[in-house]
Visitor: 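What follows is a single structure, and I will ask about it in a moment.
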Amino acid sequence: MLKKFLQLSVKQKKAVAFLGAATLFLAMIEYLFPKPAPFIRLGLANLPLLLVIDRINIKTLIYLTLLKVFGQGLLNGTLGSYVFLFSFCGSFASAFLMYSVYRFVGKYISLVGLSIIGALSSNLVQVVLSVVFIFGPNSWIIVPVFLITGLVSGSAIGFLALQFSLHSTWLNRLGKDLVSV
Amino acid sequence: LFLYNNQNKTDYFDRLFSPGQRLLLGVCTLVPFFAMETVAMRFLSVMLFSVYAASAGKKISYLYLVSFTFSVTLFHLLTPSGLELFNLFGFPVTQGALRTGLQKGLAMNGFVYISLFSISTHLRLPGFLGSLLTEMFFYFDRIIEIKTKITKGKIFQTLDDELRKIYEKDKEKLQTRIEVPTTWKGIFFFIIILAANGLIFTLDLYLRTLGIF
């Protein structure tokens with residue numbers, strides 16, 4: 001039963017793999033920009049998930065998030081390090097929260113709002129992990145910095161997603177495959 | 001924290017080891033490194049791992065290593081523990097906090113470097129997720145090949161057109177990489193790396209018996 005649940009159709013598999021590739025590509029683009037501090041990032045890699053949030057189901061969401069974290073881990077070589085743990089937990093928290101919010105109050109929230117929720121949840125989870133595993137209890141003082149950067153980067157990514165989704169024909173084509181059985 | 005492959009650098013580890021054996025080497029170096037307790041030996045190991053990671057074609061930023069270790073240590077110093085070493089502008093720098101901060105900061109960097117040289121891009125994960133990852137890397141290769149001139153004001157449209165073209169094009173046969181077996185040179189380096197790691201661990205044990213941390 002679980003095996004049947006985890007199966008994807010050929011079209012779904014292609015769409016998820018392509019979105020995963022787009023995620024990796026955007027992560028690579030983000031890498032090219034200088035960062036003001038080691039832990040501060042824009043979160044461009046969240047863009048593909050945000051674009052298909054209205055067409056994705058729980059199964060494709062899990063696969064896409066797994067592709068994102070394992071793909072980055074393999075490409076960066078960080079699969080066996082704490083970076084992977086941070087990326088794994090942050091990505092899953094963000095993906096599930098965005099998905100749940102969209103399912104329950106999707107009518108009342110824009111892509112910008114969803115993106116902010118995703119960025120904040122990912123940042124908060126990473127702060128908790130850094131408190132527990134790396135910096136110790138004193139690192140709670142960096143929470144306001146993380147929340148502000150999450151708010152700014154989440155808004156920027158949400159706005160980009162909104163603009164792209166309005167004009168994209170590729171997204172419509174991929175979206176059809178994503179919901180195919 | 002993205003630490004991508006530098007496209008211009010050669011991955012010498014890929015020439016010597018198969019992805020599986022490379023992973024095994026990483027696991028074997030990880031265990032003694034985890035058990036080390038002296039700051040000096042842990043630092044020596046991290047330096048050695050950074051050389052391995054650079055040989056594996058990865059870009060190493062020593063500035064990042066220093067700033068990360070410094071910030072971890074700084075946060076630990078906020079909670080004084082043990083003997084007070086000195087006072088910096090009214091702020092007590094304690095031995096226990098300094099040691100724990102340095103050990104933790106170096107450990108985290110060491111884990112990253114181990115991961116950088118032991119994980120190959122060609123490492124294939126088993127099962128459905130493995131095949132999905134292979135398909136993803138196939139499309140990723142196609143996407144990074146996009147070389148279109150982006151017209152000012154038409155960024156989204158140009159990008160959308162390119163993505164649609166790649167997506168609609170029939171998927172060519174996925175390239176399956178023939179795994180390079182570990183060479184004799186690879187076995188030699190495998191032993192050398194483990195021996196160097198073992199030697200540092202022995203020194204760590206010796207320093208501990210002398211009460212030096």
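Note on naming: letters A, B, ... go to the chains in the order of the sequence lines (proteins, then strands), and numbering restarts at 1 for each one.
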Visitor: According to the interplanar angle, ranging from 0 to 90°, do the rings of B/Phe128 and A/Tyr63 count as parallel (below 30°), tilted (30 to 60°) or perpendicular (above 60°)?
Guide: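 Taking A/Tyr63 first and then B/Phe128, their aromatic rings stand perpendicular (interplane angle over 60°).
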Visitor: So does B/Tyr167 get a backbone contact from the side chain of A/Lys14, meaning a donor-acceptor N/O pair under 3.5 Å?
Guide: yes
Visitor: Just so I understand: if I count every heavy-atom pair under 4.5 Å between each of A/Phe70, A/Phe18, A/Phe25 and chain B, which residue has the most?
Guide: A/Phe18
Visitor: Do B/Leu78 and B/Phe91 have side chains that get closer than 4.5 Å, going by heavy atoms?
Guide: yes
Visitor: Counting only heavy atoms closer than 4.5 Å, note whether A/Ile141 contacts chain B via side chain, backbone, both or neither.
Guide: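 The side chain, not the backbone.
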Visitor: State whether the number of non-hydrogen atoms from other residues, nucleotides or ligands found under 6.0 Å of A/Phe104 atom CZ is greater than 12.
Guide: no
Visitor: Does any backbone or side-chain atom of A/Leu19 lie under 4.5 Å from a heavy atom of chain B? Answer side chain, backbone, both or neither.
Guide: neither
Visitor: Specify which of A/Leu67, A/Leu171, A/Leu160 makes the most heavy-atom pairs with chain B at under 4.5 Å.
Guide: A/Leu67
